[in-house]
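Convention: sequence-line order gives letters A, B, ...; per-chain numbering from 1.
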2 protein chains.
Amino acid sequence: MARKTGMNVEFRIWFFKNDEKLLGKGRVELLERIGKSGSIASAAKEMKMSYRQAWQMVNEMNERSGGKLVEKQLGGKDGGGTVVTARGNEAIKCFGELEKKTRIFLDKEFKKLKI
Amino acid sequence: MARKTGMNVEFRIWFFKNDEKLLGKGRVELLERIGKSGSIASAAKEMKMSYRQAWQMVNEMNERSGGKLVEKQLGGKDGGGTVVTARGNEAIKCFGELEKKTRIFLDKEFKKLKI
DNA sequence: TATCGATATGTATTGCAATGCATATTAAAG
DNA sequence: CTTTAATATGCATTGCAATACATATCGATA
């Protein structure tokens with residue numbers, strides 16, 4: 001077999017809590033964009049997903065994590081918004097770090113394969 | 001944050017060739033079942049997927065891998081079937097090994113996270 | 001050359017998740 | 001109070017991928 005010409009490995013990781021999906025790449029990106037933009041609505045628009053879906057994801061994350069990752073801020077002259085909690089930012093950071101380590105690990109291991 | 005009570009990490013890996021998906025967990029299982037049962041049709045039935053989908057997966061794998069992973073065997077008193085090539089078995093083995101190593105790596109790294 | 005069961009492929013149907021749209025609710029700020 | 005824009009939620013629609021079904025093709029064997 002031609003040794004891995006043009007071959008590479010890709011991956012996804014997910015954090016689970018009580019056997020329910022808590023966080024994946026998409027949800028982490030959503031959290032990050034909520035953090036920067038200040039609302040679920042604008043984060044959803046940036047990611048070209050429906051507000052409804054974004055809201056549901058956020059809601060699931062909050063329900064499942066055992067402590068809110070984001071917090072709504074209703075009211076105010078600009079109608080309110082949503083902020084990412086300290087716990088949410090921790091989660092983002094942990095996920096990103098593990099992704100990075102995994103990328104390095106897999107590239108290294110993939111090179112060893114006789115394929 | 002309560003330190004990872006009930007938390008764990010899950011993952012999936014894929015082998016790509018020229019930026020096209022070549023192999024994932026499902027396709028590897030399909031290959032394995034083709035190997036044991038001797039036909040795409042019975043492998044598909046075992047996995048409760050449509051024959052059409054199974055055939056398409058096999059076809060894509062063969063087209064993309066740059067060397068067949070399975071080979072059809074038409075004719076014969078039992079109408080023929082499909083066998084997994086040496087290259088196909090190599091691929092199955094490599095994928096399984098990398099999955100196993102990744103499982104170990106991720107469990108270890110996940111424990112280190114302050115989450 | 002008739003038989004066999006699997007491969008190969010077109011077309012119609014279905015199932016379900018994502019989207020779109022409408023609207024009620026919220027609470028701080030002016 | 002009124003205004004504001006975002007959250008929260010019901011319901012109809014849509015889009016797409018998987019399924020279902022029908023059928024043509026293949027080639028070793030008997």
Quiz prompt | N/O donor-acceptor pair under 3.5 Å between A:Lys45 side chain and A:Tyr51 backbone | solution = no
Quiz prompt | Length of the line joining B:Gln53:CD and C:dT7:C1', which is rounded to integer Å | solution = 17 Å
Exercise. Report the distance from atom NZ of A:Lys77 to atom P of D:dA6, rounded to the nearest whole Å.
Key: 13 Å
Quiz item: Looking only at atom types and distance, does a side-chain atom of B:Asn62 sit under 3.5 Å from a main-chain N or O of B:Val70, one as donor and one as acceptor?
Solution: yes
Quiz item: Hey, does the side chain of B:Gln73 come within less than 4.0 Å of C:dA6's phosphate (OP1/OP2), counting only N and O?
Solution: no
Quiz item: Any sub-3.5 Å donor-acceptor pair from B:Ser39's side-chain atoms to B:Thr82's backbone N or O?
Solution: no
Quiz item: Could you state the CG-C1' distance from A:Asp78 to C:dA28, rounded to the nearest angstrom?
Solution: 9 Å
Exercise. Please state how far atom CD in B:Gln56 lies from atom P in C:dG10, giving the value in whole angstrom units.
Key: 10 Å
Quiz item: Are any non-hydrogen side-chain atoms of A:Phe105 and B:Lys101 less than 4.5 angstrom apart?
Solution: yes
Self-check item: From CA spacing to verdict: side chain to side chain contact (heavy atoms under 4.5 Å, CB included), B:Arg64, B:Asn18
Solution: CA-CA 8 Å; B:Arg64 293 178 177 178; B:Asn18 302 327; over 6 Å; no
Quiz prompt | N/O (side chain, A:Trp55) to phosphate O (OP1/OP2, D:dT7) under 4.0 Å | solution = no
Quiz item: If you measure from the Lys or Arg side-chain nitrogens to the Asp or Glu carboxylate oxygens, is any gap between A:Asp107 and A:Lys111 under 4.0 Å?
Solution: no
Exercise. Could you tell me whether the phosphate oxygens of C:dA8, OP1 or OP2, come under 4.0 Å of any side-chain nitrogen or oxygen in B:Lys72?
Key: yes
Quiz item: Please give, in whole Å, the distance from D:dA28 C1' to B:Leu74 CG?
Solution: 10 Å
Quiz item: Residues from residues 35-52 of chain A sitting under 4.0 Å of DNA chain D, heavy atoms only?
Solution: A:Ser39, A:Ile40, A:Ala41, A:Tyr51, A:Arg52
Quiz prompt | Atom-to-atom span, CD of B:Glu71 to P of D:dG27 - whole angstrom | solution = 13 Å
Quiz prompt | Gap between atom CE of B:Met57 and atom CD1 of B:Ile34 - 0.5 Å precision | solution = 10.5 Å
Self-check item: Whole angstrom value for the distance that separates C1' of D:dT9 from CD of A:Glu60
Solution: 16 Å
Quiz item: Rounded to whole angstroms, how far apart are CE on B:Met57 and P on D:dA17?
Solution: 13 Å
